[in-house]
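Comments concern the structure below.
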Amino acid sequence: GAVVSQHPSRVICKSGTSVKIECRSLDFQATTMFWYRQFPKKSLMLMATSNEGSKATYEQGVEKDKFLINHASLTLSTLTVTSAHPEDSSFYICSAGLVPGYEQYFGPGTRLTVT
Amino acid sequence: DQQVKQNSPSLSVQEGRISILNCDYTNSMFDYFLWYKKYPAEGPTFLISISSIKDKNEDGRFTVFLNKSAKHLSLHIVPSQPGDSAVYFCAASARTGANNLFFGTGTRLTVIP
């Protein structure tokens with residue numbers, strides 16, 4: 001299957017700072033990438049759909065000014081958590097697919113801890 | 001509003017036996033269904049999928065069954081192996097829509113050696 005990478009895999013930051021997470025499709029081009037968040041013992045929650053060259057589409061309840069998404073190229077999307085708070089601590093996962101509506105391939109995830 | 005539901009949070013099965021994981025959905029617009037396997041602190045790994053025009057898809061030890069009238073799908077793993085122990089998520093999409101995947105809450109499978 002297609003390979004998606006994420007960086008960093010783990011990050012600890014202080015409250016009030018910003019953190020950037022990168023998602024890359026390594027062997028294919030993705031016009032659309034997805035950002036998910038997983039709470040402990042919960043399902044994956046779609047946060048936003050990242051569209052190359054245009055604005056991201058955010059799910060209801062997700063603050064677009066807090067979770068900035070940039071999809072500058074067909075192989076890279078970034079999620080920036082701005083002014084991080086401890087409640088932003090979570091596991092963030094990105095995904096991308098070869099064909100819209102079919103399989104999505106997930107990155108390994110990023111564990112964010114805000115102290 | 002959970003459109004995809006996995007009502008069993010956990011399942012334990014003896015090695016060599018069959019594992020059956022169940023999933024129900026409510027949105028009749030869903031036309032593509034997927035199963036993912038997830039280990040702790042890792043991203044989900046795609047296992048198998050099925051289109052709504054089929055009722056069965058098989059790939060090695062993994063078979064997915066779809067019952068559209070009941071809005072139900074299941075994943076069969078046979079024979080189960082200890083390495084299959086993980087959390088399994090079912091997901092669904094409506095390919096004529098936004099193409100988002102809607103995930104169930106997951107079932108933790110433990111295969112006992």
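Throughout, a chain's letter reflects where its sequence line sits, starting with A, and its residues are numbered from 1.
Scanning both residues, B:L34 and A:E103, for their nearest heavy atoms gives CD2-CA, 3.6 Å.
Hydrophobic clustering, with ILVMFWY side chains joined whenever heavy atoms are under 4.5 angstrom apart, groups A:L112 together with A:W35. Residue A:F39 is grouped with residue A:V114 when hydrophobic side chains (ILVMFWY) are merged at heavy-atom distances under 4.5 angstrom, including chains of intermediate members. Cluster annotation: B:F30 and B:Y32 are assigned to distinct hydrophobic clusters (Ile/Leu/Val/Met/Phe/Trp/Tyr, side-chain heavy-atom contacts under 4.5 Å, transitive). At a threshold of 4.5 Å between side-chain heavy atoms, the hydrophobic network of Ile, Leu, Val, Met, Phe, Trp and Tyr places A:L76 and A:L68 in two separate groups.
Panel note: side chain A:Y105, backbone B:P44; no donor-acceptor pair is recorded below 3.5 Å.
Distance CD/B:E42 to CZ/A:F91: 8.0 Å, rounded to 0.5 Å. Interatomic distance, CZ of A:F34 versus CG of B:L101, reported as 6.5 Å (0.5 Å rounding). A:L46 contributes atom CG, which lies 7.5 Å from atom CZ of B:F102 (distance to the nearest 0.5 angstrom). Separation of atoms OG (A:S95) and OH (B:Y36) is listed at 7.0 Å; rounding is to 0.5 Å.
Annotation for B:R61: atom CZ counts as buried by contact number, over 12 foreign heavy atoms lying within 6.0 Å. Dense packing is recorded around NE2 of B:H72, with more than 12 heavy atoms of other residues, nucleotides or ligands lying under 6.0 Å away. Enclosure of atom NZ in B:K54 is not indicated, since only 12 or fewer non-hydrogen atoms of other residues, nucleotides or ligands lie within 6.0 angstrom. B:K5 NZ: 12 or fewer foreign heavy atoms inside a 6.0 Å radius.
Interface remark: of the candidates A:Q38, A:R111, A:Q6, A:R10, A:Q38 forms the most heavy-atom pairs closer than 4.5 Å to chain B.
Residues B:F89 and A:Y36 keep their aromatic ring centres 6.0 Å or farther apart.
For B:Y39, no part lies near chain A; criterion is any non-hydrogen pair under 4.5 Å. With a threshold of 4.5 angstrom between heavy atoms, A:E59 approaches chain B through side-chain atoms but not through N, CA, C or O. Contact of A:L44 with chain B is made through backbone and side chain together, with heavy-atom distances under 4.5 Å.
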